[in-house]
Participant: 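Input: one structure, supplied below.
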Amino acid sequence: MPVRDATAEDMPAIQAIYAHHVRCGLASFEVEPPSVEEMRRRFEGVVGAGCPYLVADEAQRVVGYAYASAYRARPGYRFTVEDSVYVASDAAGRGNGRRLLARLVEDCERLGYRQMLAVIGDSANAASIQLHRACGFTHCGTLRAVGFKLGRWVDSVLMQRPLGDSDRTLPDR
């Protein structure tokens with residue numbers, strides 16, 4: 001099942017995957033699913049900044065997506081990215097998330113980033129926590145009850161993975 005660079009034409013499928021997670025889950029703290037046009041705008045922002053945006057295809061259907069984006073806008077954070085990974089509910093448990101995240105890590109290392117952070121919605125999101133752990137992330141902390149969604153308080157779990165030389169060498173740029 002291939003992982004490839006996303007295109008603007010993938011946005012309807014990506015929006016449908018994300019809309020389900022917004023409506024039914026706690027991985028995202030958004031409460032209203034963004035439109036296809038808004039997802040396209042976000043996509044253009046990510047790729048316009050030079051960050052990778054990927055999709056997983058299964059039987060010629062987009063079943064998941066992942067992207068990296070700036071962790072924070074201030075220049076001191078320019079070597080750190082935050083990942084986002086979402087898989088269609090009917091395609092979960094088949095390795096799509098792992099393939100997406102592994103390729104995202106590779107692409108970000110190639111681009112010279114030094115740290116990747118995961119901000120995981122819901123401390124009970126065992127699948128996402130295990131996915132990140134399997135891809136070399138370590139738990140950094142839990143922000144208790146920082147979100148409120150679906151009638152309850154929700155934690156954020158912070159995980160981190162070094163990329164490339166990490167902090168062992170100074171960056172070239």
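Here, residue 1 is the first one in the sequence, and each next residue gets the next number.
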Participant: Can you find a pair of side-chain heavy atoms, one from M116 and one from L101, that are under 4.5 Å apart?
Facilitator: yes
Participant: How close do A6 and V55 get, counting heavy atoms only, and between which atoms?
Facilitator: CB-CG1, 3.7 Å
Participant: Salt bridge between E58 and R94, side-chain N to carboxylate O under 4.0 Å?
Facilitator: yes
Participant: Could you walk me through whether V146 and V154 pass side-chain contact (heavy atoms from CB on, under 4.5 Å), step by step?
Facilitator: CA-CA 6 Å; V146 294; V154 185; over 6 Å; no
Participant: Would you call D57 and R4 a salt bridge, using N to O less than 4.0 angstrom?
Facilitator: yes
Participant: Mind checking the CG-OG spacing from L143 to S123? Nearest 0.5 Å is all I need.
Facilitator: 10.5 Å
Participant: Roughly how far apart are R168 CZ and D165 CG, rounded to 0.5 Å?
Facilitator: 5.5 Å
Participant: Is there a donor-acceptor contact under 3.5 Å from the side chain of D10 to the main chain of T7?
Facilitator: yes
Participant: List the atom of L104, the atom of A68, and the distance in Å for their closest heavy-atom pair.
Facilitator: CD1-N, 3.7 Å
Participant: In Å and rounded to the nearest 0.5 Å, what is the SG to CZ distance from C108 to R114?
Facilitator: 13.5 Å
Participant: Membership question, hydrophobic clusters at under 4.5 Å side-chain separation (ILVMFWY): are V85 and F137 in the same one?
Facilitator: yes
Participant: Check step by step if side-chain hydrogen bond (donor to acceptor under 3.5 Å, both in side chains) holds for S166 and Q115.
Facilitator: CA-CA 6 Å; S166 183; Q115 298 292 327; 2.8 Å; yes
Participant: Relative to each other, are the rings of Y71 and Y77 parallel, tilted or perpendicular (30° and 60° limits)?
Facilitator: perpendicular
Participant: Please answer whether the main-chain N or O of M11 pairs with a side-chain N or O of R40 as donor and acceptor at a distance below 3.5 Å.
Facilitator: no
Participant: Distance-only, no hydrogens or angles: does the N125 side chain make a donor-acceptor pair with backbone N or O of S128 under 3.5 Å?
Facilitator: yes
Participant: Does W153 sit in a hydrophobic cluster with other residues, and if so which ones, taking ILVMFWY side chains as linked at heavy-atom separations under 4.5 Å, directly or through other members?
Facilitator: F148
Participant: Go through the steps to decide whether F43 and Y53 satisfy the test ring pair (Phe, Tyr, Trp, His ring centres under 6.0 Å), and finish with yes or no.
Facilitator: CA-CA 7 Å; F43 164 76; Y53 201 123; 5.0 Å; yes
Participant: For residues A56 and N96, report the shortest heavy-atom separation together with the two atoms involved.
Facilitator: CB-OD1, 4.1 Å
Participant: Salt bridge check, R41 against E38: does any charged N sit closer than 4.0 Å to a carboxylate O?
Facilitator: yes
Participant: Does anything in residues 88-110 pair up under ring-ring contact (aromatic ring centres under 6.0 Å, His included), and if so which pairs, sequence neighbours excluded?
Facilitator: none
Participant: Does any non-hydrogen side-chain atom of C135 lie less than 4.5 Å from one of R98?
Facilitator: yes
Participant: Please check this pair: side chain of Q160 against backbone of A118, looking for a donor-acceptor N/O pair closer than 3.5 Å.
Facilitator: no
Participant: Please check if any side-chain donor atom of S28 sits under 3.5 Å from a side-chain acceptor atom of Y18, or the reverse.
Facilitator: yes
Participant: Within the side chain of K149, is there an N or O that forms a donor-acceptor pair under 3.5 Å with the backbone of E30?
Facilitator: yes
Participant: May I ask you to test the D90-R61 pair for a side-chain heavy-atom distance under 4.5 Å?
Facilitator: yes
Participant: Before accepting this row, confirm whether a basic side-chain N of the pair R161/E109 lies closer than 4.0 Å to the acidic partner's carboxylate O.
Facilitator: yes
Participant: Report yes or no: do M39 and V62 belong to one cluster of Ile/Leu/Val/Met/Phe/Trp/Tyr joined by side chain heavy-atom distances under 4.5 Å?
Facilitator: yes
Participant: Would you kindly confirm whether V119 and L26 end up in one hydrophobic cluster when ILVMFWY residues are joined by side chain heavy atoms under 4.5 Å apart?
Facilitator: yes
Participant: Are the side chains of I120 and S156 in contact, using a 4.5 Å heavy-atom criterion?
Facilitator: no
Participant: Do the side chains of L158 and L117 get nearer than 4.5 Å, heavy atoms only?
Facilitator: no
Participant: H21 side chain to V87 main-chain N or O, any donor-acceptor pair under 3.5 Å?
Facilitator: yes
Participant: Between NE2 of H132 and NE2 of H139, what distance do you get to the nearest 0.5 Å?
Facilitator: 12.5 Å
Participant: Quick check on R152: does its CZ atom have over 12 non-hydrogen neighbours (other residues, nucleotides or ligands) under 6.0 Å away?
Facilitator: yes
Participant: Are V105 and I129 linked, directly or through intermediate hydrophobic residues, by side-chain heavy-atom contacts shorter than 4.5 Å (ILVMFWY only)?
Facilitator: yes
Participant: Give the minimum heavy-atom separation between F79 and P171, together with the two atoms involved.
Facilitator: CZ-CB, 3.4 Å
Participant: When rounded to the nearest 0.5 angstrom, what distance separates OH in Y67 from CD1 in I14?
Facilitator: 10.0 Å
Participant: Are more than 12 heavy atoms from other residues, nucleotides or ligands located less than 6.0 Å from atom CZ of R103?
Facilitator: yes
Participant: Indicate yes or no for a side-chain donor-acceptor contact from D155 to the backbone of G121 under 3.5 Å, with no hydrogens or angles considered.
Facilitator: no
Participant: Quick one: do V63 and L54 end up in the same hydrophobic cluster if we chain Ile, Leu, Val, Met, Phe, Trp and Tyr together by side-chain heavy atoms under 4.5 Å apart?
Facilitator: no
Participant: Starting from the C-alpha separation in whole Å, work towards a yes-or-no answer on side-chain contact (heavy atoms from CB on, under 4.5 Å) for Y113 and C51.
Facilitator: CA-CA 10 Å; Y113 292 104; C51 290; 3.6 Å; yes
Participant: Taking it one step at a time, do C140 and M159 satisfy side-chain contact (heavy atoms from CB on, under 4.5 Å)?
Facilitator: CA-CA 5 Å; C140 297; M159 297 184 79; 5.6 Å; no
Participant: To the nearest 0.5 Å, how far apart are CG in D122 and CZ in F29?
Facilitator: 7.5 Å
